[in-house]
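Per chain, numbering begins at 1; letters A, B, ... match sequence-line order. All values derive from a computational prediction rather than experimental measurement.
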Protein chains: 2
Amino acid sequence: MADMNTAVDLSLLNDAVPFPGCLPKAFDGETRDDFTRHSVVSRYGQHETIFFEGDPADAICQVDEGAVMLYKLLPDGRRQVVELLSQGDVFGFARGDYRDCSAETLTPARIRLTERRTAERSCSFQRVLARQVLLQLEAMHEHAVLLGRKSAMERVASFLLRLAGEDVSPEEAPVIDLSMTRQEIADYLGLTIETVSRSFSELKRRGLIALEKQDRVRIANYDAVETLATAC
Amino acid sequence: MADMNTAVDLSLLNDAVPFPGCLPKAFDGETRDDFTRHSVVSRYGQHETIFFEGDPADAICQVDEGAVMLYKLLPDGRRQVVELLSQGDVFGFARGDYRDCSAETLTPARIRLTERRTAERSCSFQRVLARQVLLQLEAMHEHAVLLGRKSAMERVASFLLRLAGEDVSPEEAPVIDLSMTRQEIADYLGLTIETVSRSFSELKRRGLIALEKQDRVRIANYDAVETLATAC
DNA sequence: CGTCGATTTGACCTATCTCAATGAGAGTGG
DNA sequence: CCACTCTCATTGAGATAGGTCAAATCGACG
């Protein structure tokens, strides 16, 4: 699992952007400079690999902007997308010293990289970390319900609602940018590409959604989709 | 009441390798007393509910001893067990002020409860929290692969290996105490009770496991089970 | 020995997968 | 502007793993 795109070279790039809003004002001892000194923002294009499962885990990552997916592969090639990440989410941790899953951008993205040592020493970082990871753990709980207990249609409906929720457009007919291929959606929802496609078609046929482009969905009947999702 | 110096326990629980630069001496401001004053160990019997989804989340929980399961219910009664917890694992968090899932003991258990406020203020607690939750998140990744991509047989085999791994008996024929009903196993693996039962029977027929009691399994052929689990 | 809940087993059904063909959209080059 | 190609998405037809329903068995306990 060698990788080349893993620009975890901490010496490169330094358009230090202030740490996302979640940082408490109170830094216990260390100054912001201690922080930025060891934290670096790296840019990635769409569909670029940030790291592979098994790579050495030298830096902790946080999504500064854009969307990232984490996935794992089984030896025979089956893939499961285990998390979809957006701004603020942290990733790249591991029990040992190696990444437990692969990370790839879904959109162009800015990723903040912090040396592991630095992060472990910093109290404020640990706070942000604990907070973020708890949010992500909660999302994983919800996703386990989806994977373990929901039908294909319920999964797709829940997926759309989740994306709609993140979106800026609040009411009326939310338009969603999937920024994922059918294959990626399938691998996230534990389905096949064909079943995802059929579900989209069925939703379209029933008039609950409209496909503006292949990866752009307008939710025409939000309430109906919500019902299908089994009160996600 | 074996242990009373709760703060130290909390920091070191499950820390085979002490967290780098995070030894319990370094309390940023708070004293050990601040900690014990707000941390309490509570005992539960087998199959007791610790809290329900939606309950107010006033205290953070950590498994001090025993096993706990977290589960979520869909409106129509379908259940998904989202996490199996053992010593050191933390739970009872929530995005808002309410628990995001229900918690029930699988065995008699000791649960350490810490006031949320206290936990949020304490730097050492945040450190333990971040560390534990990251471990749990990693376990959830693995579980997502199981739920999304593995066959019934692979799920059951992976499940047995996971329990065997936790177990003290290292080699030869590990004997596992399931301490879960078939229904609970099914709800954890995203299967039905019948499918779980059939998988056990098949494993027994092939001589890979032996059921000493209904909830006591001896893994007779560890390697074969490992193969079935698709290199978990 | 009888009862009750949990587990196992059997027979059948269906949601989803698999395999295969068709279609649609984005580039490219003539 | 029009083939041509390549990738991705859709649709169809048939196969199957696992679900459902129902009956039989087991085990603990009084």
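Remark: Arg79(B) pairs with Asp187(B) by the salt bridge (charged side-chain N to carboxylate O under 4.0 Å, His left out) rule, at least two apart or across chains. Listed by chain and number, the residues in a ring pair (Phe, Tyr, Trp, His ring centres under 6.0 Å) with Tyr71(A) amount to none (sequence neighbours excluded).
Evaluated for a side chain to side chain contact (heavy atoms under 4.5 Å, CB included) with Phe91(B), the options Ile60(B), Val82(B), Asp100(B), Ile111(B) yield exactly one hit, Ile111(B). A salt bridge (charged side-chain N to carboxylate O under 4.0 Å, His left out) with Glu202(A) holds for exactly one of Arg206(A), Lys204(A), Arg198(A); it is Arg206(A).
What separates CD1 of Ile185(B) from P of dT7(C) is a distance of 8 Å, to the nearest Å. At whole-Å resolution of the value, CD1 in Ile193(A) and P in dT16(C) are 17 Å apart. Remark: C1' of dT9(C) and CZ of Arg182(B) are 14 Å apart, rounded to the nearest angstrom.
When heavy atoms are screened at a 4.0 angstrom cut-off, Thr181(A) is found touching the sugar-phosphate backbone but no base atom. Ser197(A) comes within contact range of at least one nucleobase, with a heavy-atom separation under 4.0 Å.
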What nitrogen or oxygen pairs link the protein and nucleotides 18-22 of chain C at under 3.5 Å?
from    : atom 1 : to        : atom 2 : distance (Å)
dT18(C) : O4     : Arg198(A) : NH2    : 2.8
dC19(C) : N4     : Glu194(A) : OE2    : 2.9

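The minimum heavy-atom distance between Leu106(A) and Gln46(A), with the atom names listed, is O-NE2, 2.9 Å.
A donor-acceptor contact shorter than 3.5 Å is absent between the side chain of Arg116(B) and the backbone of Phe93(B).
No salt bridge links Arg112(B) with Glu65(B); every basic N to acidic carboxylate O contact stays at or beyond 4.0 Å.
When DNA chain D is scanned 5' to 3' for any atom under 4.0 Å from a heavy atom of chain A, the first and last hits are dA9(D) to dA13(D).
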Begin from the C-alpha positions of Glu83(A) and Gln136(A) and carry the test side chain to side chain donor-acceptor pair (under 3.5 Å) through to its verdict. CA-CA 8 Å; Glu83(A) 284 194 78; Gln136(A) 291 172 231; 3.1 Å; yes

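Looking only at atom types and distance, the side chain of Thr230(B) has no donor-acceptor partner in the side chain of Lys150(B) under 3.5 Å away.
Residues from residues 202-220 of chain A lying near DNA chain D, meaning a heavy-atom separation below 4.0 Å, are Leu211(A), Gln214(A) in numerical order.
Residue pairs meeting the salt bridge (Lys or Arg N to Asp or Glu O under 4.0 Å) criterion with at least one member in residues 47-57 of chain B, sequence neighbours excluded: Glu53(B)-Lys72(B).
A cation-pi contact, defined as under 6.0 Å to the ring centre and within 45° of the axis, is absent between Arg205(B) and Phe200(B).
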